[in-house]
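Since the structure comes first, as structure tokens, the remarks are kept for the end.
What's counted below: heavy atoms across the whole structure, side chains too, no hydrogens, waters or symmetry copies.
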Amino acid sequence: MSETPKNTLQYRFDGPEDAPVLILGSSLGTTWHMWDRQIPDLIRHWRVFRFDMPGHGGAPAHPCGSVGELADRLLATLDELGVQRFGYAGCAFGGAIGAELALRHPHRVASLGLIAASPRFGTADEFRQRGVIVRSNGLDPIARAAPDRWFTPGFAAAQPAITDWAVQMVRTTDPGCYIAACEALAAFDVRAELGRIGVPTLVLVGSEDQVTGQGEARTLVAGIPDARLAVVPGASHLAPVEQPSAVTDLLVRHFSSAWQPAPDATVGGQSALAAPPVKPVLAPSPPPIGPVAEIGPVEQPEAVPGGVGADLYDAGMKVRREVLGDAHVDRVIAAADDFSGDFQELVTRYAWGEIWNRPGLDRRFRSCVTLTALVAGGHLDELAFHTRAALRNGLTPAEIKEVLLQAAVYCGVPAANSAFKVAQTVIREETTPQE
């Protein structure tokens, strides 16, 4: 176990000190205990390093705003321990961290396992919406829904103790850290970079996974040059928990046979020496996947307008999507034509690329100012989507109510009355958990 400064992560080691290091990364809302049933077999060959994300499993609540920042904290922890090269297997969010490490620090990663992973997890809107739910209702709605997302119905019914454990694990996560992790996943997208992952990679997916299923797995296999697919029958999203033996056997086989030697044998610290050969337990091998050519290339975004304002346009479109959501921005851009297109470009560059991007106010303050101005002007249509934006920017429903009460005094009661009706509808839609 460890004491945890702000720039590192809570961790634990299992297994012999002189063995090569294998890191296990967990899913959002879980702790390192999701790997407990893999440990007895893995420590026969490796020294297993597990870590908890901030605010998970009692770890200090120092939120991370991006997958890259989490990867940096993990490397800072490993640097303090003298671990230079390692194998890495991660589930879901843990897989995103593994892909980030393989892309940004390829000399550190000897071999990679991506479980229930994706180059892009859903959409940015979905994860920011989840953050709104947690900010408004706490983690209880997310916790109660976790078994349906993580396990097959038969497993959840037959294993009530594990189901209850899953609910409590999410429920006891720090809400702020969970929201920050949602924001990190909202921004994560490595679809165009998969070809640069240069280590042997096992892509493992449960046959019943409805969260990151076989489509996402095949996209990873098609994009990563040295990748193999394994589908675990009878498993959903948390395959290591639901089918521990099958997942363990696949990990042992992969990391025993595909561990890349260090490029420089003189690298110091604990390096990834080849693990002793083992006899695979799982037979026969998973059936080969179909030709990867059936998976088309990743679509590239359309070029943005060039010229002097291109950088402002790029920055503005990024902020606009983060604040208003991809779905809203896509609708607006799709509706633009020769008559309105120049106006949309102006709004993107000037309002979003310049004003919303200024460092003098954070997005919460800018949402307060915007809501007040829209009430004063009676712009109820824009008030609706800026109420959604305010929730995404971190305002709670109670804080939005205070903004509108303040506006009633200075902008007029009739204007505030109309604004309350619009905001009330939006808040109900955005903060009601989906059953």
Side-chain angles (χ1 to χ4, degrees), residues 1-5 7-62 64 67 70-102 108-117 150 162 165-166 168-170 172-174 177 181 202 204 237-242 244-245 247-248 250-252 254-255 259 269-270 272 275:
M1 297 286 290
S2 63
E3 295 183 3
T4 314
N7 67 326
T8 57
L9 297 173
Q10 178 170 285
Y11 68 89
R12 66 175 291 164
F13 271 121
D14 295 281
E17 294 186 3
D18 59 345
V21 173
L22 175 62
I23 297 175
L24 301 179
S26 303
S27 176
L28 174 61
T30 72
T31 72
W32 62 43
H33 290 295
M34 68 162 284
W35 296 102
D36 281 351
R37 298 172 77 181
Q38 278 71 48
I39 297 304
D41 286 326
L42 294 182
I43 62 175
R44 296 175 185 174
H45 314 288
W46 298 283
R47 190 177 191 204
V48 177
F49 176 101
R50 289 181 282 173
F51 64 93
D52 276 332
M53 290 189 290
H56 290 59
H62 304 312
C64 271
V67 175
L70 270 166
D72 288 342
R73 288 195 194 182
L74 176 57
L75 288 181
T77 307
L78 297 172
D79 288 343
E80 289 188 356
L81 298 167
V83 177
Q84 295 301 312
R85 275 175 61 83
F86 46 82
Y88 185 98
C91 181
F93 197 122
I97 297 172
E100 184 78 15
L101 290 169
R108 304 291 295 268
V109 182
S111 190
L112 184 63
L114 302 177
I115 302 168
W150 288 352
I162 293 179
W165 161 80
Q168 291 303 317
M169 187 165 46
V170 178
T172 55
T173 300
D174 176 77
C177 289
L202 171 68
L204 190 154
H237 193 54
L238 284 195
V241 176
E242 191 164 7
S245 296
V247 171
T248 302
L250 288 164
L251 292 178
V252 169
H254 173 68
F255 286 104
W259 196 291
Q270 298 187 43

Any side-chain heavy atom of Leu101 sitting closer than 4.5 Å to one from Ile23?
no

Step by step, work out the side chain to side chain contact (heavy atoms under 4.5 Å, CB included) result for His45 and Val252.
CA-CA 8 Å; His45 314 288; Val252 169; 4.2 Å; yes

Verify, without hydrogens or angle tests, whether Ser26 (side chain) and Thr31 (backbone) share a donor-acceptor contact under 3.5 angstrom.
yes

Would you give the length of the straight line joining atom CG of Leu24 to atom CH2 of Trp46, rounded to the nearest 0.5 angstrom?
10.0 Å

Nearest heavy-atom approach of Leu238 to Ser27 is CD2-CB, 4.0 Å

Looking at Ala59 and Gln10, what are the two nearest heavy atoms and their distance?
CA-OE1, 3.5 Å

From Glu80 CD over to Asn7 CG, what is the distance, rounded to the nearest 0.5 angstrom?
6.5 Å

Where do Ala239 and Leu204 come nearest, in terms of heavy atoms and distance?
CB-CD2, 4.3 Å

Using a 4.5 Å cut-off on heavy atoms from C-beta on, say whether the side chain of Asp52 contacts that of Leu9.
no

Is there a donor-acceptor pair under 3.5 Å between the side chain of His56 and the backbone N or O of Gly29?
yes

Can you find a heavy atom in the side chain of Thr30 that is under 4.5 Å from one in the side chain of Trp35?
no

Any idea which heavy atoms bring Trp150 and Val170 closest together, and the distance?
CH2-CG2, 3.4 Å

Closest non-hydrogen contact found for Met53 with Phe93 is SD-CD2, 3.6 Å

Do Arg44 and Asp41 come close enough that some side-chain heavy atom pair is under 4.5 Å?
yes

Going from CZ on Phe255 to CZ on Phe86, what distance comes out if it is rounded to the nearest 0.5 angstrom?
11.0 Å

Atom CE in Met34, atom CE in Met169: separation rounded to 0.5 Å?
8.0 Å

Rounded to the nearest 0.5 Å, how far apart are CD1 of Ile97 and SG of Cys91?
11.5 Å

Nearest 0.5 Å please: distance from the CG atom of Leu78 over to the CZ atom of Phe49.
5.0 Å

So Asp14 and Arg50, do their side chains get closer than 4.5 Å, heavy atoms only?
yes

Give a yes or no on whether the backbone of Pro20 and the side-chain of Arg85 come within a donor-acceptor separation of less than 3.5 Å.
no

If the plane angle is over 60° it's perpendicular, under 30° parallel, otherwise tilted; pick one for Tyr11 and Phe13.
perpendicular

Nearest atoms (heavy-atom pairs only) where Pro54 meets Cys177
O-CB, 3.1 Å

